[in-house]
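Computed from a prediction, not measured in an experiment: that's the story for all the values here. These numbers come from the heavy atoms of this one structure, side chains and all, not from hydrogens, waters or symmetry mates.
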Amino acid sequence: MICNINELLQGNAYPGRGIIIGCSGDGKRSVIVYFIMGRSENSRNRVFEKTNDGIRTVAFDESKMTDPSLIIYHPVRESEFGVIVTNGDQTDTILKSQSSGSCFTSALRTREFEPDAPVYTPRISGLIEQNGSYKLSILKTSAGNPKFCQRNFYEYSGLIPGLGHFISTYKNDGDPPPSFYGDPVPVEITDSSGFEVFANDIWESLDANNKVSLYARASDLTTGEVSDFIINKLKA
């Protein structure tokens, strides 16, 4: 069943970080949406900032940053191999692996969930290649046991107009929040009113207290022209 992403997110206080990869309704553009949420002051004290090859997270107020180790990273990086999107520093692990002739899957086999006991936040990652094929992955504890890492990989051999797949770090709120389970959720890319409207609707569907930032990107499959933008809850 193909889901409506806004209905999926509404009423879910804390899916955590989320990735959507897919294709525009007209079949002409690849689509990436990435959002972050936070419950602690440290996690909420962030904004997305554009870089030469994607985006990075930065502290909104440096004086309030207590531990940057798991919250400051490059979520999106573009290279000759495609566009990588993740919720942590595994972005750079994937990029380095590809640059040395290896691959997305091999890179993530060297990583595991985040060491933030007792939550053990899953690492979610995506890659959309130049030919339109894309991959998603989640690295998480096995049945909540941090002695074991469960690595799931999903490969999609091409883009289907109007279809995307969604994966998040958590299924919903909790103490600790339960990790995402099941396969990535098929979602409709409802961009008939414009890509910016589609992305803004996702932003508005996120919990008002916990949402932090959102990045949206559409890339023309013929020309390579990129249209992207950032929404930050905290603004200068």
Using the side chain to side chain donor-acceptor pair (under 3.5 Å) rule, take N210 and R44 through it: C-alpha gap first, then chi angles, then the decisive distance, then the call.
CA-CA 8 Å; N210 293 327; R44 292 176 176 179; 2.6 Å; yes
With a 4.5 Å limit on heavy-atom distance, are the side chains of [X] and [Y] in contact?
X    : Y    : answer
I5   : S205 : no
K28  : T222 : no
I124 : T86  : no
V76  : T91  : no
F60  : N232 : no
S24  : F195 : no
N87  : I36  : no
L163 : P186 : yes

Can you name the residues that form a side chain to side chain contact (heavy atoms under 4.5 Å, CB included) with D89, not counting sequence neighbours?
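Side chain to side chain contact (heavy atoms under 4.5 Å, CB included) list for D89, sorted by chain: R111, R123.
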For residues [X] and [Y], report the shortest heavy-atom separation together with the two atoms involved.
X    : Y    : answer
G82  : Q130 : N-NE2, 4.0 Å
P161 : C23  : CA-SG, 3.9 Å
I128 : L159 : CD1-CD2, 4.2 Å
S133 : S157 : OG-O, 2.7 Å
F113 : P146 : CZ-O, 3.3 Å
S219 : V226 : OG-CG2, 3.9 Å

Give a yes or no on whether the backbone of [Y] and the side-chain of [X] come within a donor-acceptor separation of less than 3.5 Å.
X    : Y    : result
D220 : T223 : yes
T57  : H74  : no
S142 : N145 : no

Which pairs count as salt bridge (Lys or Arg N to Asp or Glu O under 4.0 Å) when at least one residue sits in residues 124-147, sequence neighbours excluded?
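Qualifying pairs, neighbours excluded: E129-K135.
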Salt bridge (Lys or Arg N to Asp or Glu O under 4.0 Å) contacts in which one or both residues fall within residues 188-203, not counting sequence neighbours
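Passing the test, one end in residues 188-203: R29-D191.
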After noting the C-alpha distance and the side-chain angles of Y170 and T121, does the key distance pass the side chain to side chain donor-acceptor pair (under 3.5 Å) rule?
CA-CA 8 Å; Y170 310 122; T121 298; 2.5 Å; yes
For side-chain contact (heavy atoms from CB on, under 4.5 Å), just list the numbers for W203 and K211, CA-CA rounded to whole Å, side-chain angles, deciding distance to a tenth of an Å, and then say yes or no.
CA-CA 8 Å; W203 175 252; K211 64 184 178 182; 3.5 Å; yes
Donor-acceptor pair between Y215 and D228 side chains, under 3.5 angstrom
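Yes, side-chain donor-acceptor contact under 3.5 Å.
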Side chains of S137 and S125: is there a donor and an acceptor less than 3.5 Å apart?
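No - no donor-acceptor pair under 3.5 Å links their side chains.
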Working for side chain to side chain donor-acceptor pair (under 3.5 Å), residues S40 and N42
CA-CA 5 Å; S40 69; N42 198 44; 5.5 Å; no
Side-chain polar contacts of residues 171-183 - donor-acceptor pairs under 3.5 angstrom, sequence neighbours left out - could you list them?
from	atom 1	to	atom 2	distance (Å)
K171	NZ	Y181	O	3.2
D173	OD1	R39	NH1	2.7

Quick one: pull up [atom1] in [X] and [atom2] in [Y] and give me the separation to the nearest 0.5 Å.
X    : Y    : atom1 : atom2 : result
N6   : N4   : CG    : CG    : 5.0 Å
F104 : F153 : CZ    : CZ    : 7.0 Å
Q98  : R77  : CD    : CZ    : 11.5 Å
I84  : D92  : CD1   : CG    : 8.0 Å
T110 : R151 : OG1   : CZ    : 8.0 Å

Run the ring pair (Phe, Tyr, Trp, His ring centres under 6.0 Å) check on Y156 and Y134 step by step: do they pass?
CA-CA 5 Å; Y156 305 89; Y134 61 101; 4.8 Å; yes
Could you work out the complete set of other residues in the hydrophobic cluster of V197, with links drawn between I, L, V, M, F, W and Y side chains under 4.5 Å apart?
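ILVMFWY cluster around V197 holds nothing else.
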With clusters defined by side-chain heavy atoms of hydrophobic residues (ILVMFWY) lying less than 4.5 Å apart, directly or transitively, does L206 cluster with V185?
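Per the 4.5 Å side-chain linkage, V185 and L206 are co-clustered.
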Got a sec, which residues hit side-chain hydrogen bond (donor to acceptor under 3.5 Å, both in side chains) with K233, two or more places apart in sequence or on another chain?
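K233 satisfies side-chain hydrogen bond (donor to acceptor under 3.5 Å, both in side chains) with no other residue.
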Verify the neighbour count for atom CD1 of I230: are there more than 12 heavy atoms of other residues, nucleotides or ligands below 6.0 Å?
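Count over threshold, so yes.
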